[in-house]
A.B. asks: 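Please read through the structure below; I'll follow up with questions.
Below, each value reflects all heavy atoms present in this structure, side chains not excepted, and no hydrogens, waters or symmetry copies.
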Amino acid sequence: MNMKRILVAGYLGALLASTVMTPVTAEVLRVLQGQASGALNVPMNRAVVVESDVPFAELSIANPGIADISTLSDRSIYVLGKAPGRTTLTLLSPEGALISNVDVHVTPDIAEFKERLQQILPGEPIEVRTANDGIVLSGQVSSTAKLDRALDLANRYAPDRVSNLMVVGGTQQVMLKVRFAEMSRTVSKGFSSSVALGDGGRLRGESGTYLQGANGLGLPITVSGNPNGAIGLGGSIGGLEFEVLLEALESKGMVRTLAEPNLTALSGQEAKFLAGGEYPVPGESDSGGITVSYKPFGVELNFTPVVVDQDIINLTIDAAVSSIDTTNGFTQSDGTVIPAFRQRQTSTTVEMRDGESFAIAGLLQDDFRNGASQIPWIGDIPILGALFRSSDYQRAQTELVVIITPHLVTPVAGEALALPTDRVRIPTERDLFLFGKVATGPKSGGAGEVARQDFSSSYGYVME
């Protein structure tokens, strides 16, 4: 058993010794009498051996800052690359004659750079070359994020000396679909009453109006109403005349607002969209004259997409829906009314995948107001006090949401595009005067197929 262990240990020791002592072949440039076999390419911070067929006596390097040299023998030279660039190595014979001028080209260490590039971006077909004292990158990458990573890594090896010839493959055009949806609900209720008493003369009621009564006894009670929710009761008891006016009103309203702008842009480029107009707003200049500035209103959309990685999209969005508000405004001294603007706007930056939706903004607003007025003390009497009291109730609710959906799109053939005008055609005199048709749709062909579609389809793009 001991002999077996000794033999195994001896075998492993011999194997290790042979591995350690195996010589490493260095890159060698041979120099013949009068010329070199080629240019000497030296990676930065690495060394190359130059061998001469004839012995030399003197060596010189034109730019010691680019490469450093040392002699190993009278026929071998050790050249170390220090900085990217070109220089010349000169060899002289013992008689002082020129043996050769060797062109030394020190380049960035792209071997190590290629290894790191494959580790960081595996599977990306990026080609790496050297040009003068820099690095040239070419090929096709799958996303702008990977392109930026490759450039950042190259700048570590050749700062400010990287030439980018890479292109980004895949779809790089983004269509953004924005949906503004708003619901407004209002409820208003009011109840008021007025009571007047008198002896047949001029009567003043709670509401401040005068009532003219009639002299007599046992007059019947009269009831009158109007469409505005008011009802009056009047009559007399003996010499006492009275009249009661009751008003009750309830109103409800609902408003629905929806805007859905779509816009397409190239990755990294800004796109703008405005559907509406510009309203002139007068103002006063420094010289006292009148100036006019224009304020846009309608549906506005500005966004910049960046395709980060395959189907991941970074979006910088500025979207707004505005309209002229005639209920609020500013009246100048000359009577000119400058209206106000009602606007719903959002500005944000998000990141999402192709086809995903994101609610980037939302608002839930609930306004409530009520009030009451009454005759002191009498209005506090239960039941009967309602005749001497007026109250109103108002409530307004608003709900707003903004949803975005990006899509990676590619162009299609022009014949496949559909227009809203493809759905109708100008009527003939027969259709107009005999059948009263102001517009008709095609019955056959490609336009007829389009006419049978609705407006909810996607136009002009191929969704991936």
A.B. asks: Where the side chain of Ser322 meets the backbone of Gly298, is there a donor-acceptor pair that is under 3.5 Å apart?
C.D. replies: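 Yes: the side chain of Ser322 pairs with the backbone of Gly298.
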
A.B. asks: Report all side-chain donor-acceptor pairs from residues 357-367 shorter than 3.5 Å, counting only partners two or more places apart or in another chain.
C.D. replies:
{"unit_1": "Ser357", "atom_1": "OG", "unit_2": "Thr405", "atom_2": "OG1", "d": "2.6"}
{"unit_1": "Gln365", "atom_1": "NE2", "unit_2": "Asp367", "atom_2": "OD2", "d": "3.2"}
{"unit_1": "Asp366", "atom_1": "OD1", "unit_2": "Arg395", "atom_2": "NE", "d": "3.2"}
{"unit_1": "Asp366", "atom_1": "OD2", "unit_2": "Arg395", "atom_2": "NE", "d": "3.4"}
{"unit_1": "Asp366", "atom_1": "OD2", "unit_2": "Arg395", "atom_2": "NH2", "d": "2.7"}
{"unit_1": "Asp366", "atom_1": "OD2", "unit_2": "Gln397", "atom_2": "NE2", "d": "3.4"}

A.B. asks: Determine, step by step, whether Tyr393 and Val187 satisfy the side-chain contact (heavy atoms from CB on, under 4.5 Å) criterion, reporting the C-alpha distance in whole Å, the side-chain angles of both residues, the deciding distance to 0.1 Å, and the verdict.
C.D. replies: CA-CA 8 Å; Tyr393 163 91; Val187 177; 4.3 Å; yes

A.B. asks: Quick check for you: to the nearest 0.5 Å, what is the distance between Ile313 atom CD1 and Met175 atom CE?
C.D. replies: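 Answer for the CD1-CE pair, Ile313 versus Met175, is 10.0 Å.
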
A.B. asks: Is any side-chain heavy atom of Glu270 less than 4.5 Å from a side-chain heavy atom of Asn302?
C.D. replies: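 Yes; the side chains approach each other to less than 4.5 Å.
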
A.B. asks: With sequence neighbours left out, which residue pairs that include part of residues 108-129 fulfil the ring-ring contact (aromatic ring centres under 6.0 Å, His included) condition?
C.D. replies: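 Pairs touching residues 108-129 that pass the test: Phe113-Tyr157.
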
A.B. asks: If you look at every heavy atom in Ala265 and Ala271, which pair is closest and at what distance?
C.D. replies: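 Looking at all heavy atoms of both residues, the shortest contact is CB-CB, 3.5 Å.
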
A.B. asks: One pair to check against side-chain contact (heavy atoms from CB on, under 4.5 Å): Val128 and Val136. What are the steps and the verdict?
C.D. replies: CA-CA 6 Å; Val128 182; Val136 179; over 6 Å; no

A.B. asks: For atom CG of Leu165, decide whether the heavy atoms of other residues, nucleotides or ligands shown that lie under 6.0 angstrom number more than 12.
C.D. replies: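 Counting neighbours around CG of Leu165, more than 12 heavy atoms of other residues, nucleotides or ligands fall under 6.0 Å, so yes.
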
A.B. asks: I need the Asp148 CG to Leu153 CG distance, nearest 0.5 Å.
C.D. replies: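 Separation between the atoms: 12.5 Å.
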
A.B. asks: Give, for atom CD of Glu356 and atom CD1 of Ile312, the distance between the pair rounded to the nearest 0.5 Å.
C.D. replies: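 So the gap between those two atoms works out to 9.0 Å.
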
A.B. asks: So how far is it from Ile126 CD1 to Arg149 CZ, rounded to the nearest 0.5 Å?
C.D. replies: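 Nearest 0.5 Å value for the CD1-CZ distance: 11.0 Å.
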
A.B. asks: Under 3.5 Å, side chain of Lys82 to main-chain N/O of Met44, donor-acceptor pair present?
C.D. replies: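 Not confirmed, Lys82 side chain does not pair with Met44 backbone.
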
A.B. asks: Which pair of non-hydrogen atoms, one from Leu80 and one from Val42, has the smallest distance, and what is that distance?
C.D. replies: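 Where Leu80 meets Val42 most closely, the heavy atoms are C-CG1, 4.3 Å.
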
A.B. asks: Does the distance from a Lys or Arg side-chain N to an Asp or Glu carboxylate O, for Glu127 and Arg129, drop under 4.0 Å?
C.D. replies: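 Salt bridge flag = yes for Arg129 with Glu127.
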
A.B. asks: Between Val402 and Arg179, is any pair of side-chain heavy atoms under 4.5 Å apart?
C.D. replies: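 Not in contact.
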
A.B. asks: A side-chain contact here means heavy atoms from C-beta on lying under 4.5 Å apart; do Met166 and Leu151 qualify?
C.D. replies: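 The answer is yes, as the side chains (C-beta and beyond) meet within the 4.5 Å cut-off.
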
A.B. asks: Could you tell me if the side chain of Pro305 sits less than 4.5 Å from the side chain of Ser267, heavy atoms only?
C.D. replies: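 In short, these two side chains do not touch, never coming nearer than 4.5 Å.
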
A.B. asks: Hey, what do you get for NZ (Lys252) to OG (Ser188), rounding to the nearest 0.5 Å?
C.D. replies: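 The distance works out to 11.5 Å.
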
A.B. asks: Are more than 12 heavy atoms, taken from residues, nucleotides or ligands other than Gln119, located less than 6.0 Å from that residue's CD atom?
C.D. replies: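 Yes, the 6.0 Å shell around CD holds more than 12 heavy atoms from other groups.
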
A.B. asks: More than 12 heavy atoms of other residues, nucleotides or ligands under 6.0 Å from CZ of Arg156: is that the case?
C.D. replies: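 Check fails, neighbour count at 12 or below.
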
A.B. asks: Thr304 side chain to Thr316 main-chain N or O, any donor-acceptor pair under 3.5 Å?
C.D. replies: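 Side chain of Thr304 to backbone of Thr316, a donor-acceptor pair under 3.5 Å: no, none is there.
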
A.B. asks: So, for Val104 and Ala67, which heavy atoms are closest and what is the spacing to 0.1 Å?
C.D. replies: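 Reported closest heavy-atom pair: CG1-CB, 4.3 Å.
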
A.B. asks: Just so I know, are the side chains of Thr349 and Leu315 near enough to count as touching, which here means a heavy-atom distance under 4.5 Å?
C.D. replies: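 A side-chain contact is absent here, since even the closest heavy-atom pair is not under 4.5 Å.
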
A.B. asks: For Leu408, is there any backbone N or O sitting under 3.5 Å from a side-chain donor or acceptor partner on Asp354?
C.D. replies: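 Checked: pair present.
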
A.B. asks: Less than 4.5 Å apart, side chain to side chain, heavy atoms only: is that true for Pro296 and Leu274?
C.D. replies: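 Of all side-chain heavy-atom pairs linking Leu274 with Pro296, at least one is under 4.5 Å.
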
A.B. asks: Check this for me: does any side-chain nitrogen of one of Asp311 and Arg353 sit under 4.0 Å from a carboxylate oxygen of the other?
C.D. replies: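 Salt bridge: yes.
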
A.B. asks: Answer yes or no: is there an ion pair linking Glu124 with Lys146, defined by an N-O contact shorter than 4.0 Å?
C.D. replies: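 Salt bridge between Glu124 and Lys146, a charged N being under 4.0 Å from a carboxylate O: yes.
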
A.B. asks: Using the side-chain contact (heavy atoms from CB on, under 4.5 Å) rule, take Val281 and Val292 through it: C-alpha gap first, then chi angles, then the decisive distance, then the call.
C.D. replies: CA-CA 6 Å; Val281 179; Val292 178; over 6 Å; no

A.B. asks: Would Arg344 and Glu182 pass as an ion pair if we require N to O under 4.0 Å?
C.D. replies: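 So Arg344 pairs with Glu182 through a salt bridge.
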
A.B. asks: Hey, mind stepping through Gln118 and Lys114 against side-chain contact (heavy atoms from CB on, under 4.5 Å) and telling me if it holds?
C.D. replies: CA-CA 6 Å; Gln118 289 299 321; Lys114 288 181 178 180; 5.7 Å; no

A.B. asks: Are Asp152 and Asn155 close enough that a side-chain donor and a side-chain acceptor fall under 3.5 Å?
C.D. replies: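 No, no side-chain donor-acceptor contact under 3.5 Å.
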
A.B. asks: Any chance CZ of Phe368 has more than 12 other-residue heavy atoms, nucleotides or ligands included, within less than 6.0 Å?
C.D. replies: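 Yes, enclosed.
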
A.B. asks: Check whether any side-chain heavy atom of Met183 lies under 4.5 Å from a side-chain heavy atom of Thr398, and answer yes or no.
C.D. replies: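 They are not in side-chain contact.
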
A.B. asks: With a 6.0 Å cut-off on ring centres, are Phe303 and Phe273 close enough?
C.D. replies: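 Not under 6.0 Å, so no.
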
A.B. asks: For His105 and Gly85, work out which heavy atoms get closest and say how close.
C.D. replies: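 Answer, listing the atom of His105 first, then Gly85: CD2-O, 3.5 Å.
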
A.B. asks: Taking side chain as C-beta onward, heavy atoms only, is Lys189 less than 4.5 Å from Gln394?
C.D. replies: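 No - every pair of side-chain heavy atoms lies 4.5 Å or more apart.
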
A.B. asks: Looking only at non-hydrogen atoms, find the nearest pair between Gln173 and Leu266 and report the distance.
C.D. replies: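 Gln173 and Leu266 have their closest heavy atoms at CG-CD1, 3.7 Å.
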
A.B. asks: Which atoms form the tightest heavy-atom contact between Asp103 and Thr87, and what is the distance?
C.D. replies: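 Scanning both residues completely, I find the closest heavy atoms to be OD1-O, 3.4 Å.
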
A.B. asks: Determine the interplanar angle of the Phe341 and Phe297 rings, folded into 0 to 90°, and report it as parallel if under 30°, tilted if 30 to 60°, perpendicular if over 60°.
C.D. replies: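 Plane angle between 30° and 60°, so tilted.
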
A.B. asks: To the closest 0.5 Å, what do you measure between CD1 (Ile110) and CZ (Arg116)?
C.D. replies: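 Ile110 CD1 to Arg116 CZ: 14.5 Å, rounded to 0.5 Å.
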
